[in-house]
Structures are given as structure tokens and as C-alpha cells.
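I have a structure here, written as C-alpha cells, and I will follow up with some questions on it.
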Amino acid sequence: MTFNLPLVLLLASLLFILLLLSLGFQPKFMNKLLGGIFLFVGISGIFFYGYGFFSLFGGNLVSVMRTLFSVFCMFLGRNEIATISAVPFLQTRGMQILIYLTHLLALYATASTVVTNVGARLIRTLSLLLLYHKKIVLIYGANDNSLRFAEALRKDEKNVCIFVDENGGNELDAKILKMGSILFSGENAARPGPAFLKKIGLKPGKKQLSVFCLDADPVSNLRFAELLQSAIKEAGIAPGQCCITLMAEDEESGAALQHVPGRNESGAYGSVLALQREDLLARLLMREFPPCGAMRFDDTGRAAENFEALLVGFGRTGQAILRALIMQGQFTGSQFHALVIDPAFRDRAGLFCTRYAAMLEAYDVEFREDNARSVGVFRYLEDHILDMNYLVVCTGDEKENAKVAREYADFLRQKGSCARVLQCSHTGITSISDQDRLPCVIQPYVPELLDAVKLDGPAMAINHQYHRAENRSAEEDWAACDYFSRQSCRASADYIPAFLCASGLSREVLAEKGWPDDPVLMENLSCMEHMRWCAFHLAMGYRPMPEEVFEARAAAYRQEIKETGSSRIRVAKDSVNRLHACLVSWEQLPALDRKERESTGRLVNYRQLDRDNVLLIPQLLRKGSPDE
């Protein structure tokens, strides 16, 4: 077969373009393709050169070594085609085509590897040069969730996302580069030092660093956060320049990372948010479907019904959701009740029931070791069809979740109930309503839930209110605020939608006009704030303080005052043993005021603290607060 000159040029051009286009294939496909090419080139090269040198020089060690040398030279663009073409068998047109094809593929494999590595480094270098006017967002762990999160952050053009991942070379690398982000991969990248901080443009001064540890392995997240913490301190970066959010094994992991002047100088981060994956799902559930949205309220802010929940599944996700429901499901005039269904409850709930014994004693939580689709459960639903207003399915199996949720939704619709059925899994929240009957999936990795800076705005204002007499700025008060107290302030800010629901006011009206002159409404909302405060502390493992402990702490307070003239002892709160004297009803707070005044001489008004938090809400809304 012979070709004329134009056809030769055309075919060569088409093949060249095809080879160039193939360099843009997804990394996962390219890895497989290059693996096949290397195998083909190696076998073909050994055959051609081995046969050729054997025919020319005989069967000796020189032929073996020259064959091996020539095969490696193919990948560097050198060849000995002219030498082996002296062999008659290799002079045929078909063999010549195969020989040149083998060498072409060897060069292609080398070029694609060089282009991929050099191109990625070039893009990364250029991007780093443009960081001067950008906000640095450092994301540890490249996965679908972290990429989705980065996409949301990239909507703000001032943000530049830098990914760090130990395992490079996968299909996510191309997506990271395509979205205009920077990738550092490999084992060394996951062990950052001062040189790494200098490379990304962070140095002592005003430039801010936001870190998000979103790897699937919480242990790796914590290790990276600690290594980065050491690098930050070694580089002399101020804690106020750095904030971090990490998916952790324990939400208390954040306490060791947060810098608190005079109490935790080893911490390097000015703001820390540590979340378990299950806590993130619970937060998403409360944000998208707050319990207050399933309740009716009268004109005075009192609930017109009790809060009745059904929770299917009591693994780690179910346990996180129950705590969240208790924290978010407290309303003046309402009784909280939750039924938890799990056939393996006794095998799963030992630690939970021990750690949160005071919470389970304070609230009406009923456990049943039963199958979610049993006759007994459906009879319970039928008996409480008019009361049921919150159903969550989190069995740990997405297919089982879907089956149970669909059966519940069908049953409720037939009985005339409008209650939503919510499914929770690691992929997010799936909602089935009685209106469209189509599932709607909501992803959890969003800035509104993970960005500590966004969450800290209203929480900082709430904390500042507790320290008004200390003549410091809100930022100074927040810097001195320990990790648990920050959690408490964030929880208070998260509850703002409940006050809007109970009052019947919109965000816009409340922000513009403030609270109405209605003492009954304000007292009911203040009582609701105290109920929320108690639920938060009980859900965090606190217990009511026994009388003898209160008296002992009051005596220690008086002794310290006598000896030094001042005391840092908080009589009503024992943070070490997680005891608090304020874990009493709204009606009992005045008696506690009197007892503390008589024991310490301090004038306190615990009810007024709750009222002040409610009065602050319009100001928070004007500045911007959590979504309704």
C-alpha cells in the first residue's frame, strides 16, 4: 500500500493531534494506558533488539546487554533501528512499521509523564506567585467531599484553595487543577514545616490562613493539624492569623489546638472547630430541618404542642442526632419525647448511656430493641399519628434507610400526616415530604457548617455580652474564651431560628424593628433560652451540681477571697467534673441567685443572663447570623 505526499502529511498530522489530545485524558485512565504502553514497548523492544543482535552478533552476553541498553534508550529518544535493520526478517515493511510504532509509543510514554509532572508543577508555581492578594485556604485531604467544599469556597474570588494530599496521581488531581486550585501531593507534603508556610506565602503579619482537615481518616487529620501547628509556632505566626476546622475522632480534640492566653499557650490556632462526621450530619439536619419548624406556637411564644420524635438507628449517627434534637427541641410550654428504635440498642449504647446519663434522666427518651418495620412500630406510629412531628432514619445502610423511609412516608400520607421523613447517611440528608414525594439530597460539606470564621461572628457577640463589665473588645474577649465556652456560644447562635419561629417574626422585621413591647412574649422566650442552655450542657456531659459540692466550692471561694483579696473560682460551675448549679428549671433560678449571694456575697441574676441573650438577637441579625 502506497500513499501520496498529501495523504502522508494528513495521516501524520491526525495521529499527532490524537496523541496530543490523549494527554488530556483523566489521570486514572492515563495511568492504565501508560501501564499498557510500557508493557507493550518493553516486550516488543526486547523481541526486536534481542532477535536483531542475536542474528548479528550471536548468542553471548554482549547481545543481552546491548538489547537491554537499547530498550531503555527507546524511552530517551535514541535508537539502533539502522543496526538491526540489517537482519533480513526485520527489513520487511510490516516489521519496520511495528519497530517505528514501538519507538513512537516509547517516546509518547516519556512525553506524557514529563508533561503531566512538569505541567502540574508549572501551574502550581504560577498560582503560588499570585497568592499575594488572595485569602489562603489550605485543605488537607483530596476527595469528593473536599472538592465540593472547595468549589463552594471558590465562589468568593478572593479565596485560593491549596490542597495537600499524601496520595497523588489519582483522577482528582485534574479536577483540582481545573478549578484553579493548587495541589501538593506525596508523603512530604503531609508533613509541613516552616518552609512550606513560606512557599504558600504565610509569614508573620496580617495575612490569614484558613485550614480545613477533611481527609476521610480523622487520625490523619489530627496528625496534620498538629504538624502544621508546630510549623506555625516555629515560623512565628500569630494565633490570630490562623483558624482550623477538622473532621476528628472526638469533638474535644479542638481544645488542645486552640490558643488561649494564659491557659493553653501551646495551641497555635486562634479559632478551632473540631467535628465528628456524625456531628456534621446532625448540624446539617438541624440547620435544614430545625425542630422548631415542625412546631406550632401561640401569640405569646409558647408551644401549642409537644415535641414528638421517632429516631430509627442508634449508631454514632443516631446518637449525634439525638443529642442535637435534645439541644434544639426545647420550647416553653412543650414536653420533649423521643422514641429510639434499634434492634442492637444494648450492644451500641453502653458508652452513650453512661456518658450522658444526666441528659437521659432529664428528658423523656424511650428506647426499644425492635425492627424499624415491625408491627409494634407501625402501631406506635398509628397511635401517635397526630402527635408525631419529626422522623429520622439512620440505620447505617443507605438501602435500608430508603426502604424504611419510603414505608413511613407512605403510611403517614395515608393517615393524613404532613410530617417529613428524613434519612441520614454519610452522603448527607435525604428528605421525603408529602407534597412531591421525591427525595431531595442535601450535602453536608458546605462553608455555612465548616467555616469557623463565619460561625464565630454571632457567637463572638454573644460571648462579649457575658464580659461587658471587663472593658475589652469583642475580639479580645473571644481570644480569651476557652474551647468549650466557644461551643456554648455557637450553640446559642444556632438556636436563633427557634426564637424567630416562636415569636412569629421574620428575620427582616426583627432586625429592623427589634423585639415588640410584649413582656409575656419576652419572658417565654427567655425561659426557652434557659431550656436550650440546660439542654446544651446536659448534651455535653454536664450534670446538676450537688448541694454539698456547691457549699464546698463556696467555702473555697470565700477562703481565697480572704487570703488574696480575689478569686477565680466560679462557684456554680465545675468545668473539670462537668457540674453546674444552673441546671435547674426556670422557676428555680431566683432561689439559686439568693443562695449564691448568701454564700459568696456576689450579686447574680441568672434569669437576666437569659433575657440578655434574647435581647441581643436583633443586633446579631443586623450583623448577619446563621441562616433561618
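Side-chain atoms are counted along with the backbone in the values below, which use heavy atoms only and exclude waters and symmetry mates.
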query: Any side-chain heavy-atom pair from S492 and N613 closer than 4.5 angstrom?
result: yes

- prompt: Which word best sums up how the rings of F484 and Y542 line up, parallel for under 30°, tilted for 30 to 60°, or perpendicular for over 60°?
  reply: tilted

CZ-CD distance between F536 and Q330, expressed to the nearest 0.5 angstrom: 14.0 Å

- prompt: Where the side chain of T245 meets the backbone of L450, is there a donor-acceptor pair that is under 3.5 Å apart?
  reply: yes

task: Starting at CE of M327, measure out to CG of L322 and round the result to the nearest 0.5 Å.
output: 9.5 Å

task: Please check if the side chain of N145 supplies one atom and the backbone of Y445 the other of a donor-acceptor pair under 3.5 Å.
output: no

query: Just by distance, do the side chain of R355 and the backbone of G541 share a donor-acceptor pair under 3.5 Å?
result: no

message: To the closest 0.5 Å, what do you measure between CD (Q443) and CG (L284)?
response: 9.0 Å

- prompt: Is the backbone of L616 close enough, under 3.5 Å, to the side chain of Q619 for a donor and an acceptor to pair up by distance?
  reply: no

query: C424 and E278: side chain to side chain contact (heavy atoms under 4.5 Å, CB included), yes or no, with the steps?
result: CA-CA 9 Å; C424 293; E278 297 79 14; over 6 Å; no

- prompt: Would you call S526 and Q608 a side-chain contact if the rule is heavy atoms closer than 4.5 Å?
  reply: no

Over all atoms of both residues, closest heavy-atom pair of L275 and L280: CD1-CD1, 4.1 Å

query: Could you walk me through whether Q423 and T430 pass the side chain to side chain donor-acceptor pair (under 3.5 Å) check?
result: CA-CA 5 Å; Q423 304 170 47; T430 304; 4.7 Å; no

- prompt: Between R154 and E151, is there a side-chain N and carboxylate O pair less than 4.0 Å apart?
  reply: no

query: Under 3.5 Å, is there a donor-acceptor pair between the side chain of Q328 and the main chain of C292?
result: no

query: Can you list the steps and then say if D494 with R287 is a side chain to side chain contact (heavy atoms under 4.5 Å, CB included)?
result: CA-CA 8 Å; D494 289 341; R287 178 178 180 270; over 6 Å; no

- line: So OG1 of T317 and CZ of R277: to nearest 0.5 Å the spacing works out to 6.5 Å

L228 side chain near Y269 side chain, heavy-atom distance below 4.5 Å: yes

task: For residues L621 and L500, determine if any side-chain heavy atom of one lies less than 4.5 Å from a side-chain heavy atom of the other.
output: yes

field: Atom pair CD1 (I326) and CZ (R323), whose distance is rounded to the nearest 0.5 Å
entry: 9.5 Å

- prompt: Counting distance only, does the side-chain N/O of R543 pair as donor-acceptor with the main-chain N or O of L579 below 3.5 Å?
  reply: no

task: For N221 and D215, indicate whether the former's side chain and the latter's backbone hold a donor-acceptor pair under 3.5 Å.
output: yes

field: Evaluation steps, side chain to side chain contact (heavy atoms under 4.5 Å, CB included), between V392 and F289
entry: CA-CA 11 Å; V392 185; F289 305 100; over 6 Å; no

field: Under 3.5 Å: donor-acceptor pair, side chain of S146, backbone of G141
entry: yes

- request: Of all the heavy-atom pairs spanning E249 and P218, show the shortest one and how long it is.
  value: OE1-CG, 3.2 Å

Verdict with reasoning, R223 to E226, per salt bridge (charged side-chain N to carboxylate O under 4.0 Å, His left out): CA-CA 5 Å; R223 183 180 68 245; E226 291 172 340; over 6 Å; no

statement: CZ of R316 to CG of L351, rounded to nearest 0.5 Å, is 10.0 Å

query: Have N401 and T395 got a donor and an acceptor in their side chains that come within less than 3.5 Å?
result: yes

task: Could you tell me which non-hydrogen atom of K203 sits nearest to which non-hydrogen atom of Q241, and how far apart they are?
output: O-NE2, 3.1 Å

- request: Could you tell me which non-hydrogen atom of D165 sits nearest to which non-hydrogen atom of A142, and how far apart they are?
  value: OD1-N, 2.9 Å

query: Taking the side chain as C-beta and beyond, is there a heavy-atom pair between I244 and Q229 under 4.5 Å?
result: no

- line: Residues S575 and K573: closest non-hydrogen pair is OG-CE, 3.4 Å

field: Shortest non-hydrogen contact between L227 and R191, atoms and distance
entry: CD1-CG, 3.9 Å

- request: Check the pair L273 / R490 against side chain to side chain contact (heavy atoms under 4.5 Å, CB included), numbers first and verdict last.
  value: CA-CA 10 Å; L273 180 63; R490 289 167 182 154; 3.8 Å; yes

message: With a 4.5 Å cut-off on side-chain heavy atoms, are S431 and I442 touching?
response: no

field: Check: L214 main-chain N/O paired with N143 side-chain donor or acceptor under 3.5 Å
entry: yes

field: With F184, the ring pair (Phe, Tyr, Trp, His ring centres under 6.0 Å) member among F163, F196, Y140
entry: F196

- request: Please tell me if the side chains of L325 and I321 come closer than 4.5 Å, counting only heavy atoms from C-beta onward.
  value: yes

query: Parallel, tilted or perpendicular: which describes the rings of W533 and H530, with under 30° parallel and over 60° perpendicular?
result: parallel

message: Centroid separation under 6.0 Å, is that true for the rings of F314 and F352?
response: yes

- prompt: L510 versus W515: any side-chain heavy-atom pair under 4.5 Å?
  reply: yes

Donor-acceptor under 3.5 Å (R472 side chain, W478 main chain): no

